[in-house]
Amino acid sequence: MIVDPSSAANFNEIKIAHIDLNWDVDFTKKQIAGSAVLKVKANQKTRKLVLDGKALNIQGFFEGDKSLDFVVEKNDLYGEKITVQIGDLDAGADKDILVRYSTGESASALQFLDRELTKDKHEPFLFSQCQSIHARSIVPCMDSPSVKQTYNATVSVPSELTCLMSAISEGSSVDGPKTTYKFKQPVPIPAYLLAIVAGRLEKKKISDRCAVWAEPSVVDSAAYEFADTEKMLKTAEDLAGPYVWGRYDLVVLPPSFPFGGMENPCLTFVTPTLLAGDRSLANVIAHEIAHSWTGNLVTNATWEHFWLNEGFTVFLERKIMGRLYGEQQRQFSALVGYEDNLLPCIHDQFDCHHPYTKLITDLKGVDPDDSYSVVPYEKGSAFLMYIEQQIGSNERFEEFLKQYLTKFKYQSITTDDWKAYLEQFFADKKPVLGNIDFDTWLKTAGVPPNKPKYDETLVEACRGLAKKWTDSTDSAVDSITPDEFQKMAAAAQVKVLQCIRSADPLSMHKLEALDRTYSLLASKNCEVQFAWLQIAVKAKWAAVIPSALQFVTNYGRLKYLRPLYRNLFSWKEARPAAVAKFVENMPSMHPISVQVIKRLM
Ligand code: BES
Ligand code: ZN
């Protein structure tokens, strides 16, 4: 039996096996209206179906022509618990339940954007973001990752727009001002992978199964940026097994998209901030591709085991990048992930006793959006790397990974399922596994009990350059020339800046020199810009406040918004301007970001 603290659904008794959506997207009302047929199947004798909902306007539940009784109970954190009386259903029996409804004004999964907020400013735009528990705001469902269902959809949108979903497109038909699109997702998916986008979109082919979708003015640069997608997908198949989803397309969203990428099946959503012009942020694509196995095939049963999704995905992402660009590259990213992402998160964002720094979290009474951090990503992938090193053979660990994915594909699992299989697979390595401190790694807050070993070759050069800034006198930094830095790859530049940041705050003189010498805000790579802003904000360099506020206005990624707003809010001189900027930006921000930043403030 699975207990999911983030869902009210009675999925242990009865499950949704398939959903048929029939939607009309209304840009004037900013809502989706229509119906869903839920094909339910009982695991045990039951007479009720309990669903998750959030701010939905429900007209009724029906079985055939018969209207069904239902009650809606409110819960502040999760939305609504909807109990539907469906009549007696025996174990193993199924039924079709129809629900007619429309989405609420504050549907947290949806952002309807006026045309001014798109790149080309031609047409309005809509996109969804259901992970972790926002699917319930677009359809009454069992919004737990432990429930997987197939879905079909028929969606009508204004004819100027193209509609795409996390599914295979099955054509469209124009009917005057409205065009109706059909979709089919034949692989069972958890509700959080339901996704829709509608906008003025153009397509450019990358390979037979990969294409990029974007607004017309950026589709060429997007195709250039993501040209390695097919190569990465093939490498992923080598590591993880056959790709089962048919197509792997990408769609570039407007800048308010709160994430770098989202692994919606058949159609990864990405932020336009990846368009650096030099493919330097392609690891995000490797990451979302990796989710096609880790997450989308083998899924965490509840968000308390989120590390099974993200830790494994980061591990696989780096395996893909390692095969394509060399093992040293993998070692570099893994070390950076540990030193510059994990450790500062544990020490600065939280503290080493904070429960969110555990790999397995307790989400009773906690909104998964609030507990979100790099911990499951970096502590999780470090754990896997550590185990790989203890096993002593990358080849064998890669074989384990492939077998694990094969064994648990199409299922939702907990950490115990993974651990039991690990012990079974490495039965010949009992003493080795016996020496691994699983309990501390998985259940204890703070820094991991062991640090994996990393090849530090590529990091050394970055540390060397950073030292020139941190260890020399104020006047000596004036003679540092830009060439050494400019020649570096963007990821190495970010590492230099991170090394500078982890030293004591720089003097005002050095900050000015750093900014002047490298023109950091002119970089096309937003990670470089962000790393610089973090240094300047940490040092409380007042001159940087306007640029930081501009940055949080231009880029909607929570990865940037969260730390920047947090640091600006807690800095006396910056707080009033930051609060004012947030209030000004709120109407055009994504609902998830608004919620998160409000709670920060
Ligand atoms: N699935 C996540 C995004 C997500 C997680 C959305 C939890 C909502 C709730 C996605 O795969 C992701 O991790 N994106 C990262 C990419 C990075 C780790 C390469 C991001 O957005 O920065
Ligand atoms: Zn991810």
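All values below come from the heavy atoms of this structure, side chains included, with hydrogens, waters and symmetry mates left out. We count ligands from 1, going down the list as the structure has it; atoms in each ligand are counted the same way.
Taking atom 13 (O) of ligand 1 as the reference point, the nearest protein heavy-atom neighbour is Y377 OH, 2.7 Å. Among protein heavy atoms, atom 22 (O) of ligand 1 sits closest to R557 NH2, 3.3 Å. In this structure, the protein non-hydrogen atom closest to atom 10 (C) of ligand 1 is G261 O, 3.2 Å. The single protein non-hydrogen atom nearest to atom 2 (C) of ligand 1 is E310 OE2, 3.3 Å, given as residue, atom name and distance. Closest to atom 20 (C) of ligand 1 among all protein heavy atoms lies G260 N, 3.4 Å. The shortest contact between atom 15 (C) of ligand 1 and any protein heavy atom is with E288 OE2, 4.2 Å.
Closest to atom 6 (C) of ligand 1 by heavy atom, among F269, W303, F259, is F259.
In this structure, F315 has its ring center under 6.0 Å from that of F397. Taking the centre of each ring, F312 and W293 stay at or above the 6.0 Å mark.
Each of F127, F112, F257 was checked for a ring pair (Phe, Tyr, Trp, His ring centres under 6.0 Å) with H590, and the lone residue meeting it is F127. Of the options L253, L267, V197, a side chain to side chain contact (heavy atoms under 4.5 Å, CB included) to W213 is made by L267 and by none of the others.
With respect to K495 and E339, a salt bridge is recorded, a charged nitrogen being found less than 4.0 Å from a carboxylate O.
In H291, the N, O or S atom that comes nearest to the Zn ion (ligand 2) is NE2. Within E310, OE1 is the N, O or S atom that lies nearest to the Zn ion (ligand 2).
In this structure, a donor-acceptor pair under 3.5 Å is present between the side chains of Y560 and E527.
By the 4.0 Å heavy-atom criterion, Y192 is excluded from the residues contacting ligand 1.
Close N/O approach between E263 and ligand 1 is found [any backbone or side-chain N/O within under 3.5 Å]. Considering both main-chain and side-chain atoms, H287 comes within under 3.5 Å of ligand 1 through a nitrogen or oxygen pair. Polar contact with ligand 1: absent for K559 (N/O pair, distance under 3.5 Å).
Contact annotation for Q131 and ligand 1: heavy atoms of both the backbone and the side chain come within less than 4.0 Å of the ligand.
By the salt bridge (Lys or Arg N to Asp or Glu O under 4.0 Å) test, R330 pairs with E327, E388, sequence neighbours left out.
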